[in-house]
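Letters A, B, ... are given to chains in the order of the sequence lines, protein chains preceding strands, and every chain is numbered from 1. A quick note: this is a predicted structure, and the numbers were derived from the prediction, not measured.
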2 protein chains.
Amino acid sequence: MIAVDWGTSSLRVYRLDEAGRITDQRDLSIGLLACRGRFEAVLAELITGWDAEELIVMAGMVGSRNGWQEVPYATCPAGADEIAAGMVQLPAPGLPGRRIFIAPGLAWPGSADHHTPEVMRGEETQLLGLLDLLPGDGIHTVCLPGTHSKWATVQGGRITGFRTAMTGEVYAVLRQHSILGAQMTTPEPAASASAAADAGSNAAFDLGLATSRSTGGLLNHLFSVRARHLFGELPGAAESADYLSGLLIGHELQGLLAPDNSLTQQVHLIGSSTLMQRYQHALHSLGISAKVHTEGLVTRGLFALARRCGAG
Amino acid sequence: MIAVDWGTSSLRVYRLDEAGRITDQRDLSIGLLACRGRFEAVLAELITGWDAEELIVMAGMVGSRNGWQEVPYATCPAGADEIAAGMVQLPAPGLPGRRIFIAPGLAWPGSADHHTPEVMRGEETQLLGLLDLLPGDGIHTVCLPGTHSKWATVQGGRITGFRTAMTGEVYAVLRQHSILGAQMTTPEPAASASAAADAGSNAAFDLGLATSRSTGGLLNHLFSVRARHLFGELPGAAESADYLSGLLIGHELQGLLAPDNSLTQQVHLIGSSTLMQRYQHALHSLGISAKVHTEGLVTRGLFALARRCGAG
């Protein structure tokens with residue numbers, strides 16, 4: 001089969017053997033917006049030569065309103081069976097001899113005391129991939145840090161609910177467009193490179209984490225990026241950026257671990273960026289252990305879905 | 001005397017009689033950045049013809065590092081006496097026959113349990129103006145909503161401490177530069193105009209306020225702007241913007257009223273924009289009364305400072 005992870009800004013295709021192992025992979029930094037309307041042609045070109053595979057399973061924003069075809073969300077609680085049941089087969093005359101499916105994203109209407117809807121498209125394949133690896137009993141907490149971090153609760157082989165935090169996007173937007181950005185522009189690029197290498201272990205990040213636990217709330221704490229700089233507590237661009245990162249990650253954890261903070265002893269982190277070190281460090285500072293999962297979850301999840309549409 | 005309120009984006013001058021009443025006023029939308037280095041000339045031109053007044057007292061970002069001359073912050077607790085003691089007289093050969101002072105901003109190192117520094121430049125004159133009107137006994141809570149909202153505690157004629165919330169700036173930056181902005185662009189400008197007229201009373205704003213009180217934290221709640229839109233709960237641009245406004249103001253109140261929320265029965269709001277209605281409504285929904293003060297506080301505060309440098 002061919003597994004396709006097609007998001008807003010990138011397209012990745014994987015050729016999998018009958019055991020679900022990756023035998024080849026290709027990618028393009030052509031997301032949905034860049035190839036609008038030409039989905040079939042872009043995909044056909046990228047998988048040229050992979051002729052033996054009949055089945056193609058896609059996930060991600062390709063199934064959104066602005067994608068190839070909108071596929072309605074599956075609803076939590078959902079495991080591989082429920083998500084597979086929501087897959088939609090596409091007519092694709094430009095791809096003869098293939099059967100093409102788009103997996104649904106996942107929605108959650110919220111808990112009884114917090115009735116706010118949640119959605120994801122793409123992350124559910126990684127969660128499905130992880131489900132395969134976790135013991136079936138117990139309640140597991142999973143976090144996928146990023147532009148829009150996802151926090152999911154997993155129980156009995158199904159995703160029972162999840163929450164999103166716009167941590168990465170808020171960080172980028174404040175850094176690029178707010179008054180706080182001015183103190184984060186560094187004349188020498190080397191400074192931020194060394195800061196990245198040092199990720200998760202520096203004092204400014206820790207000060208941000210500690211401040212996130214004080215009173216005042218995030219909107220107040222954000223101003224402290226500026227005030228601490230004025231008083232020399234965050235002298236350089238890297239310190240200011242690390243402090244902001246600590247503040248935001250600290251608030252994300254506080255908001256999304258609560259009210260079960262005391263119940264959560266381990267968080268499964270999914271991802272491969274240096275950000276994982278920061279989340280791991282932040283979790284440790286709350287007395288919570290973190291296990292990082294990096295490789296192969298997307299294809300594992302898409303393979304699990306493919307097995308369920310084998311009969312076509 | 002002449003009272004001068006000189007901020008980052010605007011310059012206002014007031015001619016006051018001996019009782020502190022405004023007899024004339026002028027303004028320019030020339031802030032600090034626009035007239036860099038030409039402070040004296042810009043001011044001289046704007047007060048042309050006001051020749052009888054010898055004393056000029058200025059406040060605002062004009063006393064910051066990027067202003068005419070940096071004036072060190074006065075420190076809380078501070079009333080008119082302490083702030084006046086920190087004023088700096090400027091040499092101004094281009095303004096013969098005048099005595100020119102810049103008032104210091106105000107700093108607060110934070111409380112014992114939340115040692116985060118705070119600063120303001122300009123708002124302290126409005127607070128001084130209000131001090132004149134408040135009874136000397138009791139503890140008063142004052143809020144100046146805006147780009148960077150200021151929350152001050154006032155006791156015994158002095159400002160004992162304050163906090164900043166970047167509510168207005170975060171609102172603007174998210175609206176203009178984040179993924180949330182797309183659903184807030186309206187083809188017909190009429191929609192947002194009517195939303196402004198309706199400020200503080202609409203259902204979307206109230207839904208934002210209510211959501212701000214649920215679990216998850218601000219970074220999570222921000223994503224609900226998008227998720228609710230996807231599910232048709234925030235169909236139009238105005239609803240999305242009002243909901244975001246409710247979320248942010250709700251979080252500001254939660255963060256800065258706490259932990260004394262139960263002790264605060266009244267908040268003094270300073271300002272004249274339609275934003276005041278929103279804050280008033282949000283405070284009412286928490287069972288807190290709000291008294292809005294709009295006129296003349298800046299000149300009242302600057303006049304109080306002027307009286308204290310009468311001897312030169």
Side-chain angles (χ1 to χ4, degrees), chain A residues 8 64-65 73 107-111 113-119 147-151 163-174 176-181 207 211 214-228 230-231 233 248-249 251-259, chain B residues 8 64-65 73 107-111 113-119 147-151 163-174 176-181 207 211 214-228 230-231 233 248-249 251-259:
Chain A
T8 306
S64 72
R65 212 166 287 176
Y73 295 103
W108 186 50
S111 57
D113 65 320
H114 180 6
H115 193 76
T116 307
E118 286 282 356
V119 292
T147 305
H148 294 176
S149 296
K150 299 289 182 186
W151 286 77
R163 290 273 170 226
T164 308
M166 287 183 59
T167 312
E169 181 165 4
V170 168
Y171 175 82
V173 161
L174 289 175
Q176 288 162 36
H177 300 288
S178 84
I179 193 173
L180 305 181
L207 182 60
T211 302
S214 65
T215 58
L218 177 55
L219 294 168
N220 170 235
H221 297 164
L222 289 176
F223 187 73
S224 72
V225 179
R226 180 166 165 79
R228 288 195 195 278
L230 287 172
F231 287 102
E233 295 178 26
L248 292 171
I249 291 174
H251 273 278
E252 177 183 339
L253 297 185
Q254 269 195 297
L256 293 178
L257 284 170
Chain B
T8 305
S64 72
R65 213 165 286 176
Y73 295 103
W108 187 49
S111 57
D113 65 322
H114 180 6
H115 193 77
T116 307
E118 286 281 355
V119 291
T147 304
H148 294 176
S149 296
K150 299 289 182 185
W151 286 77
R163 291 274 172 225
T164 308
M166 287 182 60
T167 313
E169 182 164 4
V170 168
Y171 175 83
V173 161
L174 289 175
Q176 288 163 36
H177 301 289
S178 83
I179 193 175
L180 305 181
L207 182 61
T211 303
S214 65
T215 59
L218 178 55
L219 294 168
N220 169 236
H221 297 163
L222 289 177
F223 187 74
S224 72
V225 179
R226 180 167 165 78
R228 288 194 194 277
L230 288 172
F231 287 101
E233 295 177 27
L248 292 170
I249 291 174
H251 273 279
E252 176 183 340
L253 297 186
Q254 269 196 298
L256 293 177
L257 285 168

Output the distance between atom OG1 (T164(B)) and atom CG (L219(A)), rounded to the nearest 0.5 Å.
-> 11.5 Å

Side chain, backbone, both or neither of L222(A) within contact of chain B (heavy atoms, under 4.5 Å) | both

Which atoms of E233(A) approach chain B - backbone, side chain, both or neither, heavy atom under 4.5 Å | side chain

E169(B) versus L180(A): any side-chain heavy-atom pair under 4.5 Å?
-> no

Counting only heavy atoms closer than 4.5 Å, note whether E252(A) contacts chain B via side chain, backbone, both or neither.
-> both

Please assess I179(A) against H148(B) for the test side chain to side chain contact (heavy atoms under 4.5 Å, CB included), listing each intermediate value before the final yes or no.
-> CA-CA 11 Å; I179(A) 193 173; H148(B) 294 176; 3.9 Å; yes

Under 4.5 Å to a heavy atom of chain B? For A172(A) that would be neither

When you look at N220(A) and E118(B), which way does the side chain to side chain contact (heavy atoms under 4.5 Å, CB included) test go after all the steps?
-> CA-CA 10 Å; N220(A) 170 235; E118(B) 286 281 355; 2.9 Å; yes

List the atom of F231(B), the atom of V119(A), and the distance in Å for their closest heavy-atom pair.
-> CE1-CG1, 3.3 Å

What is the minimum heavy-atom distance between P117(A) and A227(B), and which atoms define it?
-> O-CB, 3.2 Å

Where does H115(A) contact chain B at under 4.5 Å (heavy atoms): side chain, backbone, both or neither?
-> backbone

Counting heavy-atom pairs under 4.5 angstrom with chain A, the leader among S224(B), G217(B), S214(B) is S214(B)

For V170(A), is it the side chain, the backbone, both or neither that has a heavy atom under 4.5 Å from a heavy atom of chain B?
-> side chain

How far does NE2 of H221(A) sit from CZ of R163(B), to the nearest 0.5 angstrom?
-> 7.5 Å

Which answer fits T116(A), side chain, backbone, both or neither, if we ask what part of it has an atom under 4.5 Å from a heavy atom of chain B?
-> both

Under 4.5 Å heavy-atom distance to chain B, tell me which part of L248(A) shows up: side chain, backbone, both or neither.
-> both

